[in-house]
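Just so it is clear, the values below take in all heavy atoms, side chains as well, and ignore hydrogens, waters and symmetry mates.
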Amino acid sequence: MNMAAGAASVPFPKPTGKIRWIVCGLLFAAVVLSYIDRLVLSVLKPDLAAQYHWTEGGYADLAVIFQLVYGFAYVIFGRLVDRVGARIGYAVAVSLWTIGHVSHVLFTTTTGMMIARLMLAMGEAGTFPSSLAAANEWFPKRERALAIGIFNAGSNVGAIVTPLIVPVITLAFGWRWAFILTGLLTGVWLVAWLGFYRRPSEHHKVSLAELAFIESDPVQPEPTRVQRSFPAGWVALRRDYSALLRHRQTWAYVAGRFLIDPVWWTFLFWLPDFFNKQYHVKMLEFGPPLVAIYVIADVGSVAGGWISSRLISTGRSINRARKTAMFLMALCAVPIAFATAAPDMWVAAGLIGLACAGHQGFSANVYTIPGDLFPRWRAGSVIGLGGLAGALGGALMAKYAGYILETVGSFQPIFILAACSYLLALLVVHLIVPRWEPAILALDEGTQ
């Protein structure tokens with residue numbers, strides 16, 4: 001299938017069945033839970049910082065360490081998911097991040113919290129490699145961006161739920177119970193995941209018609225896996241990553257993630273602090289503006305995926321569909337440059353929400369690059385490289401934000417950078433891959 005020339009002109013089988021959408025629902029729930037666990041500390045930060053005398057620099061360092069561990073673990077999980085599949089990969093990820101999340105109760109300093117977040121970061125790094133691998137298994141290209149947009153919207157739901165429930169739990173039982181009770185929810189999800197998830201061809205509830213639709217894309221043959229002991233396996237690993245980095249499609253994904261992920265991480269770590277400093281919003285008052293922001297972001301996430309899927313279904317090439325959607329979403333981020341000059345909290349929340357919508361819709365299309373342009377047996381490794389790039393960018397952004405807030409004392413330079421990031425990312429992606437052509441990998445690039 002020549003995606004650059006207008007792959008959507010090839011007749012598609014009629015969509016049928018619903019099991020793939022139940023899988024999408026499980027992926028959505030997992031992303032919700034991962035963001036709840038990730039954001040509990042952000043919601044508690046203003047109060048814990050005052051109670052335990054945290055500094056802006058200390059909190060920024062905590063964010064940097066999280067980003068770095070998350071990024072390197074992303075590469076590991078990308079590789080792991082390639083090897084063991086989404087089912088086991090996600091189970092390992094959830095187990096790790098839950099242990100790390102609950103262990104926050106043992107500490108009160110930023111250094112201690114940093115220790116707890118090491119395992120949280122390692123586990124949460126498996127969320128999107130596992131989710132994207134499952135999407136690649138269960139959704140053909142025609143529906144993939146929409147499915148990714150839907151479960152990616154779980155990040156916004158998690159960001160909505162967290163500021164609503166964490167203050168209530170904290171005031172009723174103390175801040176430590178905010179970590180304990182939210183951590184228990186992932187255990188329920190893990191049981192449901194292991195009980196329900198299988199690959200489409202192995203799932204007894206998938207009809208033949210739905211399976212035919214899921215498998216309607218041409219699939220590049222998978223290589224024969226060869227088990228190697230150390231150090232031969234390490235040499236093969238280095239060889240395979242070197243081979244991936246020779247493909248421009250890999251660099252398109254890596255560059256896209258490096259440029260846009262830092263903006264989202266900044267929202268996650270500092271939005272409660274922004275409203276506290278700019279409008280003197282207290283912990284019990286974070287809910288309404290953050291809910292508004294992430295509801296708008298949810299719309300953007302689904303819309304970004306829907307736009308490209310809709311354009312493909314009407315005959316547009318995948319290249320044009322993905323980039324048109326990214327351009328429209330990038331425009332949504334531009335007004336955030338004026339958020340610090342907003343006359344009141346709700347105008348600021350609207351501008352930030354629009355930027356968050358732009359990010360999520362843009363991401364839904366960037367996340368399709370590994371599945372669209374690489375065979376399934378290599379997509380996880382590409383996802384891992386992109387996750388590492390995004391986390392490194394996020395670490396740099398965290399240090400930049402901490403420095404700006406301690407020296408300038410304003411979010412304005414941070415928001416100006418955010419406003420420009422998406423148009424720049426689209427330009428870079430387009431220059432690297434002017435046509436949405438699959439990378440041609442030899443089978444011996446995936447045999448270790």
Query raised in the report: Are the charged groups of D273 and K45 less than 4.0 angstrom apart, N to O?
Result: yes
Measuring only between side-chain heavy atoms, which start at C-beta, is [X] closer than 4.5 Å to [Y]?
X    : Y    : answer
Y74  : P129 : yes
R142 : F213 : yes
Y294 : V157 : no
S363 : W264 : no
V92  : F77  : yes
D61  : T110 : no
I336 : L354 : no
S95  : L190 : yes

If you compare all heavy atoms of [X] against all heavy atoms of [Y], which two are closest, and at what distance to 0.1 Å?
X    : Y    : result
M345 : P289 : SD-CG, 4.0 Å
S317 : R320 : OG-N, 3.1 Å
I404 : P413 : CG2-CG, 4.0 Å
G89  : V84  : N-CG2, 3.9 Å
F72  : L388 : N-CD1, 3.7 Å
A255 : V428 : CB-CG1, 3.7 Å

Query raised in the report: Between I414 and L417, does a side chain to side chain contact (heavy atoms under 4.5 Å, CB included) hold up when you go through it step by step?
Result: CA-CA 5 Å; I414 299 169; L417 185 60; 6.0 Å; no
For [Y], is there any backbone N or O sitting under 3.5 Å from a side-chain donor or acceptor partner on [X]?
X    : Y    : value
Q412 : F338 : no
K323 : P434 : yes
Q249 : I369 : no
N152 : I148 : no
T127 : E124 : yes
S309 : W306 : no
T162 : V40  : no
Q360 : V302 : no
H104 : G100 : yes
S301 : A153 : yes

Interatomic distance, [X] atom [atom1] to [Y] atom [atom2] [nearest 0.5 angstrom]:
X    : Y    : atom1 : atom2 : answer
K18  : I22  : NZ    : CD1   : 6.0 Å
L328 : S308 : CG    : OG    : 10.5 Å
T266 : H359 : OG1   : NE2   : 10.5 Å
I383 : T250 : CD1   : OG1   : 11.5 Å
D298 : I293 : CG    : CD1   : 13.0 Å
L424 : I260 : CG    : CD1   : 11.5 Å

Query raised in the report: Passes side chain to side chain contact (heavy atoms under 4.5 Å, CB included), F362 versus L423? Steps please.
Result: CA-CA 10 Å; F362 195 99; L423 288 171; over 6 Å; no
Classify the side-chain pair [X]/[Y] by whether it contains a donor and acceptor separated by less than 3.5 Å.
X    : Y    : answer
H101 : R117 : no
Y197 : E137 : yes
T368 : R144 : no
S131 : Y367 : no

Query raised in the report: Below 6.0 angstrom between ring centroids: does that apply to H203 and F196?
Result: yes
Query raised in the report: Are the ring centres of F258 and Y253 closer than 6.0 Å?
Result: no
Report task. Measure up the F128 and Y35 rings against each other and bin them: parallel (under 30°), tilted (30 to 60°), perpendicular (over 60°). Result -> perpendicular
Report task. Could you label the plane-to-plane angle of the F66 and Y70 rings as parallel, tilted or perpendicular, counting under 30° as parallel and over 60° as perpendicular? Result -> parallel
So with a 6.0 Å cut-off around [atom1] of [X], is the heavy-atom count from everything else above 12?
X    : atom1 : value
R310 : CZ    : no
W193 : CH2   : yes
Y400 : OH    : yes

Requested in this report: Take L290 and F275 through the test side chain to side chain contact (heavy atoms under 4.5 Å, CB included) and record every step on the way to the result.
Outcome: CA-CA 9 Å; L290 293 181; F275 285 110; 4.1 Å; yes
Query raised in the report: Stepwise, does the side chain to side chain contact (heavy atoms under 4.5 Å, CB included) test hold for L211 with S207?
Result: CA-CA 6 Å; L211 183 62; S207 67; over 6 Å; no
Report summary line: Exactly one of F28, W138, F139 clears ring pair (Phe, Tyr, Trp, His ring centres under 6.0 Å) with W21, and that residue is F139
